[in-house]
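Okay, structure first, notes after.
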Amino acid sequence: LQEEAFTHADLERIAKHLHEVQPEQDGWLRINMHRNMLGFGYYDANVITAALHERGYELLWHNRASGIEEADLDGTAGIIVHTRHNWFFRGSHWFGVKHFDCSLAVPDDAQTHPPGFWNLDSKLARPEYIGSRADLNEFLLKLAKRSRIHVLLVAPSADAAPAAPAAPSLTTPSLSS
């Protein structure tokens, strides 16, 4: 159900480029810190930022000191949530949340949902309806109780040409292989 907007090769290319232009970040071992060294498909925020920039978007970090309810979501294309579990070898995960202004139905789901936020996590069998802005705040607060999270806002880049509006779609870019 989720669309592969970036291939494994795309993200590897970006990670390699960042490794080459920022060797001081890699330490004395010269390990590429922008990707998982075991090839599990996990990439750091620098790779995701560069990939989004290639598509005309920028990544804005939400200040965790203020609650998510304080975040200005006007003009954003979506939200990327980074979770970091506190368990050994559970690692980190990125997933998208997007607001749709129209009613949508998900394949294999018997109901049509009103406009609202959707969890587009690639680990889910299908997109999951979150609901209103208040429901989104509650969803993120519950998630923050289970793991450490960072909320990043995806916005059109100031130097990018405006894109034509796309038809509503319940797909999300896959940020890992």
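Note that the structure is a prediction, hence the values are computed from the model and not measured. Just so you know, residue 1 is the first one in the sequence shown, and it goes up from there.
Separating the CG atom in D72 from the CG atom in L60 is a distance of 10.0 Å, to the nearest 0.5 Å. Annotation: the span from H62 atom NE2 to L73 atom CG amounts to 9.0 Å, rounded to 0.5 Å. In this structure, OG in S122 is found 4.5 Å from NE2 in H93, a value given to the nearest 0.5 Å. Interatomic distance, OH of Y57 versus OG1 of T76, reported as 10.5 Å (0.5 Å rounding). Distance check: H113 NE2 to L104 CG gives 9.0 Å after rounding to the nearest 0.5 Å. To the nearest 0.5 Å, atom CG of residue L120 and atom CD of residue E128 are 10.0 Å apart.
Across every non-hydrogen atom of I130 and N119, the tightest pair is CD1-N, 3.6 Å. Closest of all the heavy-atom pairs between P114 and S103 is CA-OG, 3.8 Å. Closest heavy-atom contact between A45 and L59: O-CD2, 4.4 Å.
Residue H53 qualifies as open at atom NE2: its count of foreign heavy atoms under 6.0 Å is 12 or below.
Counting heavy atoms from C-beta outward, W61 and H150 have side chains that approach closer than 4.5 Å. Taking 4.5 Å as the limit, some side-chain heavy atom of I14 sits within range of a side-chain heavy atom of E54. Taking 4.5 Å as the limit, some side-chain heavy atom of F95 sits within range of a side-chain heavy atom of L143. Counting heavy atoms from C-beta on, the side chains of D135 and Y129 never come closer than 4.5 Å.
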- Before giving the answer on side-chain contact (heavy atoms from CB on, under 4.5 Å), spell out for V81 and V97 the whole-Å C-alpha distance, their side-chain angles and the decisive distance to 0.1 Å. CA-CA 8 Å; V81 179; V97 172; 4.2 Å; yes

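A cation-pi arrangement is absent between K142 and F139, since the terminal nitrogen or guanidinium carbon is not both under 6.0 Å from the aromatic centre and inside a 45° cone about the axis.
When the salt bridge (charged side-chain N to carboxylate O under 4.0 Å, His left out) test is applied to R133, no partner is found at least two apart in sequence or on another chain.
Here H99 and W118 keep their ring centres 6.0 angstrom or further from each other.
Remark: the N46 side chain and the T49 side chain contain no N/O donor-acceptor pair separated by less than 3.5 Å.
Test V154, L152, I80 against I48 for side-chain contact (heavy atoms from CB on, under 4.5 Å) and you get one pass: I80.
Aromatic ring pairs are classed by plane angle as parallel below 30°, tilted from 30° to 60° and perpendicular above 60°; the pair H82 and W94 is tilted.
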